[in-house]
Number of protein chains: 2
Amino acid sequence: MTEKHEFDLQNFLPYLLNQAAEESSLAFQQVYKDRYGMLRTEWRVLFHLGIYGRMTAKEIGQRSKMHKTKISRAVARLGERRFLTREQDDRDRRLEYLELTNLGLTAYRDLLGVAQTYDAKLSAGLSAEEDAVLRRALRKLAGFDAD
Amino acid sequence: MTEKHEFDLQNFLPYLLNQAAEESSLAFQQVYKDRYGMLRTEWRVLFHLGIYGRMTAKEIGQRSKMHKTKISRAVARLGERRFLTREQDDRDRRLEYLELTNLGLTAYRDLLGVAQTYDAKLSAGLSAEEDAVLRRALRKLAGFDAD
DNA sequence: TGTTGTTAGTTACAAAATCAACTATTAACA
DNA sequence: TGTTAATAGTTGATTTTGTAACTAACAACA
C-alpha cells in the first residue's frame, strides 16, 4: 500500500526555503535587534550603504528588490537615529543621496563582523561542496544571476 | 588596491535564503490568494491537514514551527470558511482535532497539484545534482533533520 | 511656454504579524 | 481533596507590512 501522492511539505521548495530562511535568520536578527533596535529592512539598508557606499533609495531598491515604501521607512528611521545623512541632489531634487554617518559606519562594521562569523557558522554544518552548490542554487532562485 | 573585507550581501546566507524564499514564493502565493483568498499560514495549515490527516493545532505547531497564535487565527478562518471541522477531545477538552471537510480536501488537492507543478518548475532551473544538494542543505538549515 | 507623462519618494489606511496577557482545562503532588 | 503548576488555545494591544493614492520634481514635445 504505497502512498499515491508522496508529497512532503518539507520538500516543497518555497516552504523549505522559508523555513530555512527563518531558522537561519533568528540568531542574527537577535543581534541587530537587541544591539541597535533595528528591523530587517533597516540592517539591509545599512549594509547596502556600508558595502556599496553613498547611494539613493532608488538604487537600494534596484539592488535589494525591497519595495520603495519599506526602504523609505527604513531610511527615515535610520536618519532619525543618526545612522545616515540625507543630501538632496542639486541637479535633480527628487533624488536624495544617503550616506552612513560615523555612527552608522560603526554599527555597520560591528554587524558586518557578526554577519561574517555567523555565516561561517552556518556553513560549518555543510561540506565545502554542499556550501558552494547551495549558494549557487540560491542565487539562481533569488534571481541574482540574471540581474 | 584590493578591497579589505570582500563581503557581498548577496552571499550572506540569511539574506540569500530570504531573497530566494520570497522570490520563489511569489507565484504560488498568487494562486492560493487569488483562488481561495488564503494567507500563507492558511495554506500551510491546510497542507498539514491534507498531508498528515486529522491532528490538533499543537501538532501543527510542532511540525511547522509556526507560532500558536498564527495557527489559531488560521484555523479560525479556515473553520469559518468551512475548509475544516473542529472536534473537541472528550478525554482532554483542551484539545481540538482538526480535519478537512470535503471543501477543504478539494482545495488542498487543487493546491497540491499547483504546488507539485510549481516545485518542478523551480527545480527545472537546476541540475539534478544541484537540486539534491540544495534540498539536503536546506533541510539541515531548517532544522528538519534533527527533529 | 504649457500640457501630459514619468519618476523619486512619502503618507494614509487597511491587513497582518507579534507579544503578552488571558481562559479553560488537566496534571502533580502535598 | 486542595493547591500550585503546566498546557492548549484565544484574545487584545501594539508594531510592522502592504496597497494605493499622493506630492514634488523633472522630461518630452506640441
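Values below: all heavy atoms of this structure, side chains included; hydrogens, waters and symmetry mates excluded. Keep in mind that this is a model prediction, so the values were computed, not measured.
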Can you tell me how far [atom2] of [N] sits from [atom1] of [X], to the nearest Å?
X       : N      : atom1 : atom2 : value
B/Asp90 : C/dT26 : CG    : C1'   : 15 Å
A/Lys65 : D/dT17 : NZ    : C1'   : 20 Å
B/Asp89 : C/dA24 : CG    : C1'   : 15 Å
A/Glu59 : C/dA8  : CD    : P     : 10 Å
B/Ile60 : D/dA8  : CD1   : C1'   : 13 Å
B/Met66 : C/dT18 : CE    : C1'   : 15 Å

For A/Tyr108 against A/Ile51, the heavy-atom pair lying closest together: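 That closest heavy-atom pairing would be OH-CG1, 3.2 Å.
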Using a cut-off of 4.0 Å on non-hydrogen atoms, how would the nucleic acid contact of A/Ile71 be classed: base, sugar-phosphate, or nothing?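 No contact at all - A/Ile71 keeps every heavy atom at 4.0 Å or more from the nucleic acid.
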Name the nucleic acid region contacted by A/Lys58, choosing base, sugar-phosphate or nothing; use a 4.0 angstrom heavy-atom cut-off, strictly under.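 Here A/Lys58 touches the backbone only, sparing every base.
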Is a salt bridge present between B/Asp131 and B/Arg136, judged by a nitrogen-to-oxygen distance below 4.0 Å?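 No salt bridge links B/Asp131 with B/Arg136.
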Is any side-chain nitrogen or oxygen of [X] closer than 4.0 Å to OP1 or OP2 of [N]?
X       : N      : result
A/Arg93 : D/dC26 : yes
B/Ser72 : D/dG9  : no
A/Thr69 : D/dG18 : no
B/Lys33 : D/dT19 : yes
B/Lys70 : C/dA17 : no

Give, for atom OH of A/Tyr36 and atom CG of A/Leu78, the distance between the pair rounded to the nearest 0.5 Å.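 Interatomic distance, A/Tyr36 OH to A/Leu78 CG, rounded to 0.5 Å: 12.5 Å.
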Can you say whether a donor on the side chain of B/Arg73 sits under 3.5 Å from an acceptor on the base of C/dT18, or the other way round?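 Checked by distance alone, the answer is yes.
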Determine whether any donor atom in the side chain of B/Arg86 lies under 3.5 Å from an acceptor atom in the base of D/dG9, or the reverse, and answer yes or no.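 Counting by modelled atom types and ignoring angles, no donor-acceptor contact under 3.5 Å is found here.
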Can you confirm if the aromatic rings of A/Phe28 and B/Phe12 lie within a centre distance of less than 6.0 Å?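 Judged by ring-centre distance (under 6.0 Å), B/Phe12 and A/Phe28 do meet the cut-off.
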Mind checking whether B/Leu39 and B/Arg73 have side chains closer than 4.5 Å, heavy atoms only?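 A side-chain contact under 4.5 Å is absent here.
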